[in-house]
Number of protein chains: 2
Amino acid sequence: MNLAEVGNLVGDLARAQMLTALLDGRALTAGELAWCAGIMPQTASSHLAKLQGAGLLAMEKQGRHRYFRLSSPTVAAMLESMQVVCAVDAPRRIRPESRMDRDLRMARSCYDHLAGVLGVSLADALTDRGAVDLAADGGVVTPVGRKILAEFGIDVDQLSQQKRCFCRPCLDWSERRHHIAGALGKGLSDRLFDLGWVERIRDSRVIRVTPEGRRGLKKTFAIDHPA
Amino acid sequence: MNLAEVGNLVGDLARAQMLTALLDGRALTAGELAWCAGIMPQTASSHLAKLQGAGLLAMEKQGRHRYFRLSSPTVAAMLESMQVVCAVDAPRRIRPESRMDRDLRMARSCYDHLAGVLGVSLADALTDRGAVDLAADGGVVTPVGRKILAEFGIDVDQLSQQKRCFCRPCLDWSERRHHIAGALGKGLSDRLFDLGWVERIRDSRVIRVTPEGRRGLKKTFAIDHPA
DNA sequence: GGAACACTTCGACCGACGCCGAAGCGTGCC
DNA sequence: GGCACGCTTCGGCGTCGGTCGAAGTGTTCC
């Protein structure tokens, strides 16, 4: 397998839509993916066979359904980096407002961390008070930030010992700005779930901010998250 | 611009070969790129126009030559992550031995750090003596490693304060194993150049290990780099 | 057993795109 | 000026692959 083959696999609109739908790590049935891509089941079937054959997708049978998911975080990372290039190359364009995915824009999961307006606001808040310092290729937590995060219930030392990139800016495709990924991003996300400030919406990447979370975000980070 | 468009751009063999040739950050002329891709200049011209139009490549006129390079490290990162997926998906295959790119396999630059047998050996040496601990998504330097690297002339604290990913495993496409990227990868590379242990070959990604470097690598890291 | 359902396989159609030859444009060298 | 050179534009050719209808396989439910 070479670069061109991988590019080709992603380079079809229908397949790209399927992959995007799978980007949050959930597994979807062939039918659902066909619907996502706006094509007939038999067409989807051939696409899925290609993606699976190339090892981008993993499949699991369950009764008469076939569930597909991204085969590894490596694939998710690749798609993410491709989306970043998309967003960077088209920095200024009229934002196509769509009612339907307003919720998705507000807050969603991006593999294992938070994205959307919420994710970006959180990154902004931490940057504004000098807690983290983000650059193109990574980021650091300042001594001040260490203290702020500790008060919020996040042990930076423990996170930084994980064998993964500690802090990484991840370009948000809806907001065209960065949110925080890496161990810190996951840590923040986990903490918000633990506190009950946010919760997942079934069968969706959408994340709901609870009333309690709205109060907490306002008080702790001065974030006014829209209802 | 969307995911599929980017995929499509990379998804052509000729374009993929051009992009790969540009992956070390150098700028090449349209003619050189045509040669790399094994196509006629007029065909290359249309490919390059597409890549440039999409913002993946930047162009600079110089006399009657046109120099093309990757427009940003973001693009390089994307290509790298795509190559990783290529390599992961095809883990075991008969290695196609080619005399021509033996040098390239032995040691080369990968954007801003070292790759090839040399890069992998270095990563192995550091891992073996417990200096670094690499995982799928990142890596850490142990206290022991901090000491080893300090003796070698690398200030880990300074590197870790850079606003980029500190240590990241980068899958080596020729060796199918990891070498070290990120700030640490660049730090190692810089140090080897400063010591005069390695040097660039003009107009190529190939890196030559000097006799002095061969001795040094053997003594310091117990690496027997082939001549 | 039979019907509904999820999905796959096969075959035919057709549009998109990569390819090169020929010709045109701008630059540098003698 | 004249020629060589690097590159681009244009036009026609060929092929590859995405598309869907029809038919087939396997599963669930009654």
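Protein chains get the first letters and strands the later ones, always in sequence-line order, with residue 1 at the start of each.
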Original post:
For B:Ile39 and C:dC17, what is the distance between atoms CD1 and P respectively, to the nearest whole Å?
Top reply: 16 Å
Using a cut-off of under 3.5 Å, enumerate the N/O to N/O pairs linking the protein to nucleotides 8-12 of chain D.
| residue | atom | partner | partner atom | Å |
| --- | --- | --- | --- | --- |
| D:dT8 | OP2 | B:Ser45 | OG | 2.6 |
| D:dT8 | O5' | B:Ser45 | OG | 2.9 |

Subject >> Separation of D:dC7 P from B:Tyr67 OH (nearest whole Å) >> reply: 9 Å
**OP:** Measure the distance from CG on A:Leu28 to C1' on C:dA6 and round it to the nearest whole Å.
**Re:** 15 Å
**OP:** Kindly say whether B:Glu5 contributes a backbone atom to a donor-acceptor pair with the side chain of B:Asn2 at under 3.5 angstrom?
**Re:** yes
Original post:
In whole angstroms, how far is the C1' atom of C:dC7 from the CD atom of A:Glu32?
Top reply: 13 Å
**OP:** Estimate the overall bend of the helix from C:dG1-D:dC30 to C:dC30-D:dG1 from the end axes over five pairs each, rounded to 10 degrees.
**Re:** 30°
**OP:** Of all the heavy-atom pairs spanning B:Cys86 and A:Met1, show the shortest one and how long it is.
**Re:** CB-O, 3.7 Å
Original post:
Which residue, A:Lys61 or A:Gly38, contacts DNA chain D at a nucleotide closer to its 5' end, judged by nearest heavy atom?
Top reply: A:Gly38
**OP:** Could you tell me whether the side chain of A:Met18 reaches within less than 4.5 Å of the side chain of A:Ile39, counting heavy atoms only?
**Re:** yes
Original post:
Considering only heavy atoms from C-beta outward, does the side chain of B:Leu28 approach that of B:Phe68 to under 4.5 Å?
Top reply: no
Could you go through nucleotides 2-5 of chain D and list every protein N or O atom that sits under 3.5 Å from one of its N or O atoms, giving the distance for each pair?
| residue | atom | partner | partner atom | Å |
| --- | --- | --- | --- | --- |
| D:dC5 | O2 | B:Arg64 | NH1 | 3.3 |

Show which side-chain atoms of residues 46-57 of chain B pair as donor or acceptor with protein atoms under 3.5 Å away, not counting sequence neighbours.
| residue | atom | partner | partner atom | Å |
| --- | --- | --- | --- | --- |
| B:Ser46 | OG | B:Thr43 | O | 3.2 |
| B:His47 | ND1 | B:Arg15 | NH1 | 3.1 |

Original post:
Can you list the residues that meet the ring-ring contact (aromatic ring centres under 6.0 Å, His included) rule with B:His225, with sequence neighbours excluded?
Top reply: none
Subject >> Between P of C:dA16 and CG of A:Asp12, the distance in whole Å >> reply: 14 Å
**OP:** Would you mind reading off the distance between A:Met40 atom CE and D:dA23 atom P, rounded to a whole angstrom?
**Re:** 17 Å
**OP:** With the side chain counted from C-beta on, respond yes when A:Leu134 and A:Cys167 share a heavy-atom pair under 4.5 Å apart, and no when they do not.
**Re:** yes
Original post:
B:Val75 and B:Ser71: which non-hydrogen atoms are nearest, and at how many Å?
Top reply: CG2-OG, 3.6 Å
Original post:
Quick one: is C:dC17 close enough that its OP1 or OP2 comes under 4.0 Å of any side-chain N or O from B:His47?
Top reply: no
**OP:** Grab the CG-P distance between A:Asn8 and D:dC16 for me, whole Å please.
**Re:** 13 Å
Original post:
Between A:Lys50 (NZ) and C:dT8 (C1'), how many Å, whole number?
Top reply: 14 Å
Subject >> All side-chain contact (heavy atoms from CB on, under 4.5 Å) counterparts of B:Ala76, not counting sequence neighbours >> reply: B:Leu23, B:Leu70, B:Tyr111
Original post:
If only atom types and distance count, is the side chain of A:Ser45 paired as donor or acceptor with the main-chain N or O of A:Pro41 below 3.5 Å?
Top reply: no
**OP:** For B:Thr29 and B:Arg66, indicate whether the former's side chain and the latter's backbone hold a donor-acceptor pair under 3.5 Å.
**Re:** no
